[in-house]
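Worth saying up front: this structure is predicted, and the values here are computed from it rather than measured. All chains are named by letter (A, B, ...) in the order of the sequence lines, taking the proteins before the strands, and each is independently numbered beginning at 1.
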There are 2 protein chains.
Amino acid sequence: MKIGELASQAGCGVETVRYYERVGLLPPPARTAQNNYRHYQAHHLQQLLFIRRCRTLDLTQEEIRQLLAARQQPDAGCETINQLVDAHLAQVRARLAELQALEQQLLALRGQCHASLTTRECGILKELEQGAAP
Amino acid sequence: MKIGELASQAGCGVETVRYYERVGLLPPPARTAQNNYRHYQAHHLQQLLFIRRCRTLDLTQEEIRQLLAARQQPDAGCETINQLVDAHLAQVRARLAELQALEQQLLALRGQCHASLTTRECGILKELEQGAAP
DNA sequence: GCACACCCTGTAGTGACTACAGGGTCAAGC
DNA sequence: GCTTGACCCTGTAGTCACTACAGGGTGTGC
């Protein structure tokens, strides 16, 4: 299949596909001799779907590269895979904690001004100007 | 004061200060005639602290620019400030919801493999290869 | 023969910095 | 007077994962 069909089957843009090839996440497909168009096989689609699924889980390219490499060694142990997912989960939870703290800070900030005041009187600006870290 | 002192008082790098000047968040300071060093006043530090406080709240440069502009008009109403904080809070909450969903997906994925198997048998890889979006 | 969808390469932009390279300046100690 | 090291300057390139052109070639239907 051509790149447009591959991309639409994977639910991404053709430019994303070419980008994955450029950065080495997708192997370069064969080209037709006549017009140099990329010609993809089923395994390309499989790998692209794998990559897209990983991306919906916010895995980085580097993490995906490690998973793809692991897939090449089906007889090796899968501890690195488990560790990778655990590490990523830990990162997500760390970011969650950060964002929850941020939400509280913003709520407190928002509580500084309820009325429609002048900028000079606005509690939010005052807090941002003078407040130390909460 | 010179840029190094300003930066250390604000708790950021000198390159960040120069960057803020380049993108227009900090006004260009006077330069000493002798050696062209930047020479900062107290109000520069004030503004830099303001910017850094906004950044710890994950406000974007564009949002900070709006707050700085509002500060220049102390007699105007502060509705835009309140709206800006509300909008940002909504964004943070949306991202929180996304991350919580992601956490659940990763947990489910992690549950696919507890043992130390071969890559071929690893439930995580199988899920990533074949699983539809949860 | 023409319009239009598709394909190609290559480059630049996004946000908010960070990290050099390659140079100039200043103060302290010898 | 000289060296050493900390500081300052400009300008450019890198980060991440795309996205958006510009400027061209190709294929298909009317």
Write down the distance between [atom1] ([X]) and [atom2] ([N]), rounded to a whole number of angstrom.
{"X": "A/Leu57", "N": "D/dA17", "atom1": "CG", "atom2": "P", "value": "14 Å"}
{"X": "A/Arg31", "N": "D/dT26", "atom1": "CZ", "atom2": "C1'", "value": "14 Å"}
{"X": "B/Tyr19", "N": "D/dC9", "atom1": "OH", "atom2": "P", "value": "18 Å"}
{"X": "B/Leu26", "N": "C/dC17", "atom1": "CG", "atom2": "C1'", "value": "14 Å"}
{"X": "B/Asn35", "N": "C/dG23", "atom1": "CG", "atom2": "C1'", "value": "14 Å"}
{"X": "B/Glu21", "N": "C/dA16", "atom1": "CD", "atom2": "P", "value": "18 Å"}
{"X": "B/Lys2", "N": "D/dC9", "atom1": "NZ", "atom2": "P", "value": "9 Å"}
{"X": "B/Ile64", "N": "C/dG15", "atom1": "CD1", "atom2": "P", "value": "13 Å"}

So which nucleotide from [options] ends up closest to the side chain of [X]?
{"X": "A/Arg22", "options": "C/dA16, D/dA17, D/dT19", "value": "D/dT19"}
{"X": "A/Ile3", "options": "C/dT18, C/dC7, D/dC18", "value": "C/dC7"}
{"X": "B/Arg18", "options": "C/dA16, D/dT10, C/dC7", "value": "D/dT10"}
{"X": "A/Tyr37", "options": "D/dG27, D/dA17, C/dA16", "value": "D/dG27"}
{"X": "A/Gln61", "options": "D/dA17, C/dA19, C/dC7", "value": "D/dA17"}
{"X": "B/Arg55", "options": "C/dC17, D/dA20, C/dT9", "value": "C/dC17"}

Please determine if A/Arg31 forms a cation-pi arrangement with A/Tyr37, meaning its NZ or CZ atom is less than 6.0 Å from the six-membered ring centre and no more than 45° off the ring axis.
no
For B/Asp58 and A/Arg95, what are the C-alpha separation, side-chain angles and deciding distance, and is it a salt bridge (charged side-chain N to carboxylate O under 4.0 Å, His left out)?
CA-CA 13 Å; B/Asp58 257 8; A/Arg95 182 65 183 146; 3.1 Å; yes
Partner residues of B/His44 under the ring-ring contact (aromatic ring centres under 6.0 Å, His included) criterion, sequence neighbours left out:
B/Tyr40
List the atom pairs, with distances to 0.1 Å, where a side-chain N or O of residues 1-18 of chain B and a protein N or O form a donor-acceptor pair under 3.5 Å, not counting sequence neighbours.
| residue | atom | partner | partner atom | Å |
| --- | --- | --- | --- | --- |
| B/Glu5 | OE2 | B/Gln9 | NE2 | 3.3 |
| B/Ser8 | OG | B/Glu5 | O | 3.2 |

Taking for B/Gly4 and for A/Arg52 the nucleotide of DNA chain D with the nearest heavy atom, the one nearer the 5' end belongs to B/Gly4
Distance test, side-chain N/O of [X] to OP1/OP2 of [N], below 4.0 Å:
{"X": "B/Thr16", "N": "C/dT18", "result": "yes"}
{"X": "A/Tyr20", "N": "D/dC18", "result": "yes"}
{"X": "A/Arg38", "N": "C/dC8", "result": "yes"}

Report yes if a donor N or O on one partner sits less than 3.5 Å from an acceptor N or O on the other, where the partners are the side chain of B/Glu15 and the base of C/dC20; otherwise report no.
yes
Between A/Arg55 (side chain only) and A/Leu59 (backbone N and O only), is there a donor and an acceptor less than 3.5 Å apart?
yes
Assign each of B/Asp58 and B/Gln34 the nucleotide of DNA chain C bearing its closest heavy atom; nearer the 5' end lies the nucleotide of B/Asp58
